[in-house]
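Just so we're clear, the structure is a prediction, and the values are computed from it rather than from any experiment. All ligand and atom numbering here is 1-based and tracks the order in the structure.
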Amino acid sequence: MIVLGIETTCDETAAAVVERLEDGRGKILSNIVLSQVKQHAEFGGVVPEIAARAHVEALDLIIAQAMAEAVLNYSSLDGIAAAAGPGLVGGVIVGLTTAKAIALVQQKPLIAVNHLEAHALTARLTDATPFPYCLFLASGGHTQIVAVRGIGDYVRIGTTQDDAIGEAFDKTAKLLGLGYPGGPLVEKEAARGDAARFALPRPMHGRKEADFSLSGLKTALRLEAEKIAPLSDQDVADLCASFQQAVVDVVLDRLRAGVRIFRAKYGAPTAVVAAGGVAANQAIRRVLHRLAFEVGASLVVPPLDLCTDNGAMIAWAGCERLALGLTDTLDVAPRARWPLDEIAAAKGKLQRTAAYK
Ligand code: KG4
Ligand code: ZN
């Protein structure tokens, strides 16, 4: 089974072709990602109108490139998948409408994929991870701990009450004048800083439920920075190191709580799985290793280009759904908001086609 996947929910215009082999394993035939980071950098964050326009301009070419690299024509495809949300709705409309047009013209099934579901299932594309596993999704827009129990069966165990972790990194970078996107820049500064210099809070520490809160940490950092302004290079590095250490401690504590809840409800997870751009952070990766070891699960961190937004994860989620005969009609609507656990609730309403092999 071969599926084209289209991703346009944020600031990456992406298309990929993925094959699902007979044994259920995945094979990426092409994976083209065009980042709009440069277009948004001067604004210090993603500007929705600029993003939507850039998707319109680039998408056709990116799809053509993905098809060419896979050495396939449209008639060889078994389905067309696009991220139908959650995300910036202007961009989602561009990707989903394009997918509908291809599906209609080529008379192929359409699969409207939830972007978070695609992140959640990437570990099965890269590592054939069996269900149930514990997903830690941390990006610029999302911070969630999710029990992934099956296709379309996701239970959110924890989420952030305010900022996403990536967003907290981005805001910290902005505050310290480092640029955008902030995560890699803060990590670089942190490497030469003293993590013990500033006593920053560890929000939600020790709580039984597995939710996150990052905004207090961000405020505490700002107050420390204001106290010692103007900042020297060393001050900036020390602030970054103290901030990153606080985030790392929070991630360990919140994931411990998350896995405890997971175990109590669903038994031991087969794996702890990371997804989202924040998984690029080495200090966070180290703490994920520690956690997985502690709970006796394996750790799956997909290669970085599959952790961040990409078309292959959409195509793969499309394959997984199509293999179960889960497809969508051409009137499916784009969604700015689409929580993962709503997918299970909608299951019965999905159009079912004959199951593919
Ligand atoms: O998954 P992603 O590429 O896009 C979405 O937000 O959907 O994640 C981007 C986020 C940004 O907030 C970025 O600052 C953060 O991931 N990030 C990092 C690192 N690299 C990227 N955060 C911390 N450390 C990093 N090395
Ligand atoms: Zn994402």
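The atoms of ligand 1 that sit less than 4.0 Å from any heavy atom of G276 are 1 (O). Atoms of ligand 1 found under 4.0 Å from any heavy atom of G140, numbered from 1 in the order shown, are 5 (C), 6 (O), 8 (O), 9 (C), 10 (C), 12 (O). Atoms of ligand 1 found under 4.0 Å from any heavy atom of G141, numbered from 1 in the order shown, are 6 (O).
With atom 7 (O) of ligand 1 as the reference point, the heavy atom nearest to it among V186, D309, T308, N310 is part of D309. Distances from atom 15 (C) of ligand 1 to the heavy atoms of V278, V33, V46, I165 show the closest one on V278.
A cation-pi arrangement is present between R124 and F131 under the rule of less than 6.0 angstrom and at most 45 degrees off the ring axis.
The protein atom (non-hydrogen) at minimum distance from atom 26 (N) of ligand 1 is E187 OE1, 2.7 Å. Remark: minimum distance from atom 1 (O) of ligand 1 to any protein heavy atom is reached at G277 N, 2.9 Å. Nearest protein heavy-atom neighbour of atom 18 (C) of ligand 1: G183 CA, 3.4 Å. Of the protein's heavy atoms, N281 ND2, 3.0 Å lies nearest to atom 24 (N) of ligand 1. From the protein, the heavy atom lying nearest to atom 13 (C) of ligand 1 is D170 OD1, 3.7 Å.
At a 3.5 angstrom cut-off on N or O pairs, G166 counts as close to ligand 1.
Tested against L135, the residues L116, V146, I157, V300 include a single side chain to side chain contact (heavy atoms under 4.5 Å, CB included) partner, V146.
A donor atom on one side chain and an acceptor atom on the other are not found under 3.5 Å apart for T8 and H55. For the residue pair S213 / D162, a side-chain donor-acceptor distance below 3.5 Å is found, with atom types taken as modelled. Side-chain contact check for E320 and W316: at least one donor-acceptor pair (N or O, by modelled atom type) lies under 3.5 Å. Checking D331 against T329 by side-chain atom types alone, a donor-acceptor pair falls below 3.5 Å. Q234 and D194 share no side-chain donor-acceptor pair at under 3.5 Å.
If you look at P184 next to ligand 1, the close heavy atoms, those under 4.0 Å, come from the backbone and the side chain alike.
In this structure, the side chains of T126 and L306 come closer than 4.5 Å at one or more pairs of heavy atoms.
Atom OD1 is the N/O/S atom of D309 found closest to the Zn ion (ligand 2).
Aromatic ring pairs are classed by plane angle as parallel below 30°, tilted from 30° to 60° and perpendicular above 60°; the pair F169 and F243 is perpendicular.
Heavy-atom neighbours of R192 CZ from other residues, nucleotides or ligands within 6.0 Å: above the threshold of 12.
At a cut-off of 2.8 Å, H119 coordinates the Zn ion (ligand 2) through an N, O or S atom. The distance from the Zn ion (ligand 2) to the nearest N/O/S atom of H115 is under 2.8 Å.
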